[in-house]
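Please read the structure below before turning to the comments.
We count ligands from 1, going down the list as the structure has it; atoms in each ligand are counted the same way. Owing to the predicted nature of the structure, the values given are computational and were not obtained by experimental measurement.
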Amino acid sequence: PEAITVQELANRMAERGGEVVKTLMKMGVMATITQSIDADTAELVVEEFGHRSKRVSAQDVEIGLRGSADDDALLRPRAPVVTVMGHVDHGKTSLLDALRKTDVAAHEAGGITQHIGAYQIEVPSGDKITFLDTPGHAAFSEMRSRGANVTDIVILVVAADDGIMAQTIEAINHAKAAGVPIIVAINKIDVPGANPNKVKQALLQHELVPEDMGGDVICVEVSAKTRQGLDNLLDILLLQAELLELKANPERNAEGTVVESKLEQGRGAVATVLVQRGTLKVGDIFVAGAESGRVRALLNDRGERVESAGPSVPVEVLGLSGTPEAGDDLVVVEDEARAREIASFRADKKKTATMATQGRGTLEQMLSAI
Ligand code: GDP
Ligand code: MG
């Protein structure tokens with residue numbers, strides 16, 4: 001059922017929260033301003049204040065939020081978005097770090113200290129690749145389950161000295177469910193006793209047939225430590241990306257996905273956002289999950305201020321009302337009223353969902369206490 005907090009109801013009527021609490025009390029409903037009341041009760045309160053009420057479902061509010069599909073003529077090539085997955089300690093972070101160092105501009109930046117959940121590199125040919133550092137497989141599937149399909153290609157990292165492990169299998173399943181091409185990076189090839197053929201044999205059991213065994217899964221032998229095979233891996237990524245013909249319209253209001261977000265002292269709520277269509281600009285008004293805001297500043301993956309970010313570009317966004325969740329959308333809208341309306345409907349919806357789960361928890365506790 002739909003619900004609204006007393007405070008939010010007061011805000012929408014432009015009445016004092018305390019007055020709404022009093023009115024509720026007269027109706028025999030005891031609620032503080034932070035508590036939620038159901039839609040029927042809210043309607044009675046609205047009438048009591050002499051306002052007209054109109055129930056709008058969250059669905060109505062969301063209509064038209066995301067723009068319609070773009071005309072083919074407006075589409076421009078965009079960089080592939082690549083997610084690195086695999087078993088713990090197989091070298092995901094090392095590989096991401098090593099690949100980042102191949103960026104043609106990385107040296108000018110004087111070393112990389114900034115860590116954001118995503119970065120983009122430019123290879124000597126001028127092509128670009130965006131890498132996502134997912135905090136884990138659970139986060140990846142959680143994002144997907146909420147409709148955020150952010151990745152175009154998955155690199156499955158398998159340590160040659162360890163082989164296929166539990167989280168490797170998990171990663172395979174997530175990548176298959178996402179329906180994206182998998183490139184297997186057989187890592188730690190420098191370690192004595194590393195056995196890439198054994199890894200390839202084991203892949204067969206998970207319906208991944210390597211190219212040299214008559215299948216279509218590309219395996220690349222690499223070492224994040226010695227950098228062996230990294231150029232080969234990049235070439236293969238770019239080739240795969242070319243086959244996918246990835247495109248987006250950069251000339252429209254931005255739409256993207258929140259990759260991570262945090263509260264930072266002095267900076268407030270900061271979100272790393274992957275722009276997927278359009279161009280995000282400083283000054284843009286947006287809704288991001290159940291939060292809203294106006295872009296106060298944009299920072300690239302080196303921590304430098306930028307004025308805008310186009311498709312496949314990850315940026316840190318400052319100017320949020322709070323921290324959205326990984327997998328939430330970020331959509332630029334026309335005005336603040338619209339942004340706040342959508343954000344507040346989503347916040348209400350989230351609150352109702354939380355209350356429902358809490359209610360279930362209590363019931364379970366009650367039952368277990370019997
Ligand atoms: P993650 O848990 O998958 O992110 O793995 P890490 O990148 O943290 O690597 C785990 C360990 O393996 C670290 O001690 C790395 O230094 C080491 N490691 C990663 N890649 C290589 C490699 O190619 N060769 C060798 N010898 N060690 C590696
Ligand atoms: Mg790691």
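Heavy-atom contacts of Asp190 reach the following atoms of ligand 1: 22 (C), 23 (O), 24 (N), 25 (C), 26 (N) (cutoff under 4.0 Å). Listed by atom number, the atoms of ligand 1 under 4.0 Å from His87 heavy atoms are 3 (O). Below 4.0 Å from some heavy atom of Val88 lie the following atoms of ligand 1, by number and element: 2 (O). Shown in contact with Val191 at under 4.0 Å from a heavy atom are these atoms of ligand 1, numbered in order with element: 26 (N).
Residue Asp348 comes nearest to Thr5 through the heavy atom pair OD1-N, 4.4 Å, listed as atom of the first residue, atom of the second, then distance.
Checking side-chain atoms of Arg346 against main-chain N and O of Gly289 turns up a donor-acceptor pair under 3.5 Å. With Asn173 contributing its side chain and Glu170 its backbone, the two residues share no donor-acceptor pair below 3.5 Å. Of the possible polar contacts, none joining the Lys188 side chain to the Ala159 backbone as a donor-acceptor pair under 3.5 Å is found. Glu255 places a side-chain N or O within donor-acceptor distance of the main-chain N or O of Gly67, the cut-off being under 3.5 Å. Between the side chain of Asp301 and the main chain of Gln120, a donor-acceptor pair closer than 3.5 Å is present.
Protein heavy atoms are found less than 4.0 angstrom from atom 23 (O) of ligand 1. Counting protein heavy atoms under 4.0 angstrom from atom 15 (C) of ligand 1 gives one or more.
At a 3.5 angstrom cut-off on N or O pairs, Ala224 counts as close to ligand 1.
Defined by atom type and a distance below 3.5 Å, a donor-acceptor pair is missing between the side-chain atoms of Gln201 and Asn197. Side chain to side chain, Glu15 and His51 meet the donor-acceptor criterion of an N or O pair below 3.5 Å. A donor atom on one side chain and an acceptor atom on the other are not found under 3.5 Å apart for Glu291 and Thr323.
Scanning all protein heavy atoms for the shortest distance to atom 20 (N) of ligand 1 gives Asn187 ND2, 3.2 Å. Counting only heavy atoms of the protein, atom 8 (O) of ligand 1 lies nearest to Thr93 CB, 4.2 Å. If you check which protein heavy atom lies closest to atom 5 (O) of ligand 1, you get Gly91 N, 3.1 Å. Of the protein's non-hydrogen atoms, the one nearest atom 13 (C) of ligand 1 is Ser94 OG, 4.6 Å. Here the heavy atom of the protein found nearest to atom 27 (N) of ligand 1 is Lys188 CD, 4.0 Å.
Within the 2.8 Å limit, Thr93 places at least one N, O or S atom next to the Mg ion (ligand 2).
With a 4.0 Å cut-off on non-hydrogen atoms, Asp89 touches ligand 1 through its backbone as well as its side chain.
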